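Below is one structure, written out as structure tokens, with a few remarks after it.
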Amino acid sequence: MRYLILLLCAAGWANAQDPGRNRLTISGGWTTQIFTPNYYQQTAPVVGISYAYRPWKILEIETGLSVGLQPGEEQCSAHGCYQPNDRYFWIPLGVRFVTPPLAGRVELSIGGGGLLQRYSISNPQYQYSSSSESGFGGYFVAGAAVALDHRQRFWVSATPRVLLANPEFARYRWFQITGDFSWRF
């Protein structure tokens with residue numbers, strides 16, 4: 001184990017002069033709740049931005065912000081119908097292990113870490129028992145990326161994620177899939 005850690009550190013120092021240690025990514029896709037009954041399941045389009053720093057060739061430290069737009073469905077009762085103007089905000093912080101470029105242009109990755117989830121409603125209606133909440137949890141991520149140019153500065157990727165958030169009195173499990181555009185510098 002000690003030799004493996006030394007080998008990883010040596011690889012990181014060899015990578016110290018390489019450009020492209022920083023990654024800025026914008027993404028868009030879809031998210032849906034998993035492990036919930038269909039009549040409670042929420043789905044939404046998702047947009048996001050993330051930043052990653054690569055201290056070693058095979059390891060990235062990443063964080064970002066993803067937003068699920070309008071996941072709540074219209075709720076109706078004897079008093080009328082109500083469409084919540086709601087958002088889910090997810091802030092992940094974790095690590096991702098990355099393969100060296102395969103065939104010079106393709107990278108695969110896997111990782112995970114901690115997660116902060118915030119649910120926000122801008123027009124709460126208390127007769128429908130809707131309110132904002134926050135919770136912590138974790139996430140798992142995988143990805144496949146392809147370089148668009150020979151200098152490997154611009155990349156496109158597909159990234160599935162599983163988010164596990166635990167606000168008070170609830171357990172949310174989400175599956176996200178996004179298409180991403182990255183710039184490495």
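Every value quoted in this text rests on a predicted model; they were computed, and no experiment measured them.
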(request) Give a yes or no answer on whether the side chain of Thr31 reaches the backbone of Gly68 with a donor-acceptor pair at less than 3.5 Å. (result) no
(request) Would you check if Thr159 and Ser27 make a side-chain contact, meaning some heavy-atom pair closer than 4.5 Å? (result) no
(request) Report yes if the distance between the aromatic ring centroids of Trp174 and Trp90 is under 6.0 Å, otherwise no. (result) yes
(message) If the threshold is 4.0 Å, N to carboxylate O, is there a salt bridge linking Glu107 and Lys57?
(response) no
(message) If we count only N and O atoms by modelled type, under 3.5 Å, do the side chains of Ser182 and Asp180 hold a donor and an acceptor together?
(response) no
(message) Checking Ser134 against Arg118: is there a side-chain donor and acceptor pair closer than 3.5 Å?
(response) yes
(request) Evaluate the side-chain proximity of Leu65 to Ile91: yes if any heavy-atom separation is below 4.5 Å, no if none is. (result) yes
(message) Could you report the tightest heavy-atom contact between Val141 and Gly112, atom names first, then the distance?
(response) CG1-N, 4.2 Å
(message) Between Arg173 and Leu163 (side chain of the first, backbone of the second, donor and acceptor by atom type, cut-off under 3.5 Å), is there such a pair?
(response) no
(request) Please check if the side chain of Arg96 supplies one atom and the backbone of Ser109 the other of a donor-acceptor pair under 3.5 Å. (result) no
(message) Within the structure provided, determine whether Leu164 and Phe140 are in side-chain contact (heavy-atom separation under 4.5 Å).
(response) yes
(message) Is any side-chain heavy atom of Asn22 closer than 4.5 Å to one of Arg184?
(response) no
(request) Report yes if some heavy atom in the side chain of Gln117 is under 4.5 Å from a heavy atom in the side chain of Phe89; otherwise report no. (result) no
(message) When you compare the side chain of Ile121 with that of Tyr119, does any pair of heavy atoms fall below 4.5 Å?
(response) yes
(request) Hey, can you tell me if Phe185 and Tyr51 have their rings parallel, tilted or perpendicular (30° and 60° cut-offs)? (result) tilted
(request) Quick one: closest heavy-atom pair of Arg153 and Asp149, and the distance? (result) N-OD1, 3.0 Å
(message) I'd like to check the salt bridge (Lys or Arg N to Asp or Glu O under 4.0 Å) partners of Arg23; sequence neighbours left out, ordered by chain and number.
(response) Glu60, Glu62
